[in-house]
Amino acid sequence: MNISGKTKLLGLIGNPVEHSFSPFIHNMFAQELGIDSVYTTFKVENGELGNAIKGAKALNIQGMNVTVPYKMDVLAYMDEVDSLAEHIGAMNTIVRRDNKFIGYNTDALGLKGSLEHEGVNLKGESVLIIGAGGAARAVAVMCADAGAKLIAITNRTMEKAEALASYIDERYEVETVALDLELVRAGEGSLMESLKIAFQTTSVGMSPNIDADPLEDSHYYDYVKVAVDLIYNPTTTKFMEKASAKGAKAISGLGMLYFQAVKAYELWNDVVIPETVLNKCYKAFFEKMAR
Ligand code: ATR
């Protein structure tokens, strides 16, 4: 790495940030693409977000990622917000353009990219979203935006599933339905059979509780064709394992993590990362995570 006075500075703000994989990914992209950029992390203490954003702008920083706990609060400091990020109500990427800071949600764009990489298209599909928190909202907006036909939402707390279904209803043409988690666990009803793609957005099954899955012994595992987990630790969750055992394609949250970085790096540098580089870095990232 050759850092000079011309090197483009990129980084991550959040708290904590020291265990982030983003520096590894973005500095690998820079090296593989021959782009003169460097990416590092900035720990921002509670109450300092506004100062951090103003400082980044004044210091001519060209792009930033934003992570926990600032993904929602940072929206207020943007000059403009991309419509997808606005509908989700959260963002993770700042792009500097004409001295303006523009907010994007590449978590959602990355999930879409990960599905495309696996040959999964959401257009006209009926999907099931398990969970109704912030991550579920991002998934629901992404599915609606990508032209899904029907979005079913199930959650431990039914009221939150209903609230998310209404939220999507108010903004998109897509059909929505909130489903009782016990019904989904039973896996009964013709609707269940039509929900071919499922997104697991809860923390159930995350390390160290790796034997848990939100659907337990549901018959729904007989119907699902593509099972997407947003969890990336472990890389294969119980939810993915059970779906795979019944012949479904299982997709780890690691893909989303990788492709959110791809989308951010492409926006910051106004490039499209070529397939060969994309695949080479994907492999290197997955190998690093497997260690
Ligand atoms: P995130 O931003 O990651 O989505 P969140 O907004 O706190 O986090 O949402 C967490 C989601 O995981 C919710 O859908 C939550 O269900 P409730 O709305 O009923 O709280 C779900 N969740 C968390 N722990 C769970 C558990 N042990 N069993 C079932 N669902 C759980």
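One-based numbering, in listed order, for ligands and for the atoms of each.
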Looking only at protein heavy atoms, what sits closest to atom 19 (O) of ligand 1 is Thr157 OG1, 2.5 Å
Exercise. Looking only at atom types and distance, does a side-chain atom of Thr7 sit under 3.5 Å from a main-chain N or O of Ser4, one as donor and one as acceptor?
Worked result: yes
- request: Please say whether Thr202 places an N or O atom under 3.5 Å from an N or O atom belonging to ligand 1.
  value: no
Numbered in order shown, the ligand 1 atoms found under 4.0 Å of a heavy atom of Asn155 are 13 (C), 14 (O), 15 (C), 16 (O), 17 (P), 18 (O), 19 (O)
Nitrogen or oxygen of Thr201 less than 3.5 angstrom from that of ligand 1: no
Does the residue Pro214 have a heavy-atom contact with ligand 1, meaning some pair of atoms that are separated by less than 4.0 Å?
no
Residue, atom and distance of the protein heavy atom nearest atom 4 (O) of ligand 1 read Ala135 N, 2.9 Å
Worksheet item: Below 6.0 angstrom between ring centroids: does that apply to His87 and Tyr167?
Response: no
- request: Using the six-membered ring wherever Trp is involved, compare the ring planes of Tyr39 and Trp268 and label them parallel, tilted or perpendicular (cut-offs 30° and 60°).
  value: tilted
Result for ring-ring contact (aromatic ring centres under 6.0 Å, His included) between Phe29 and one of Tyr265, Tyr282, Phe285 points to Tyr265
Honestly, for Arg156 the part within reach of ligand 1 (heavy atoms, under 4.0 Å) is both
Is there a protein heavy atom less than 4.0 Å away from atom 7 (O) of ligand 1?
no
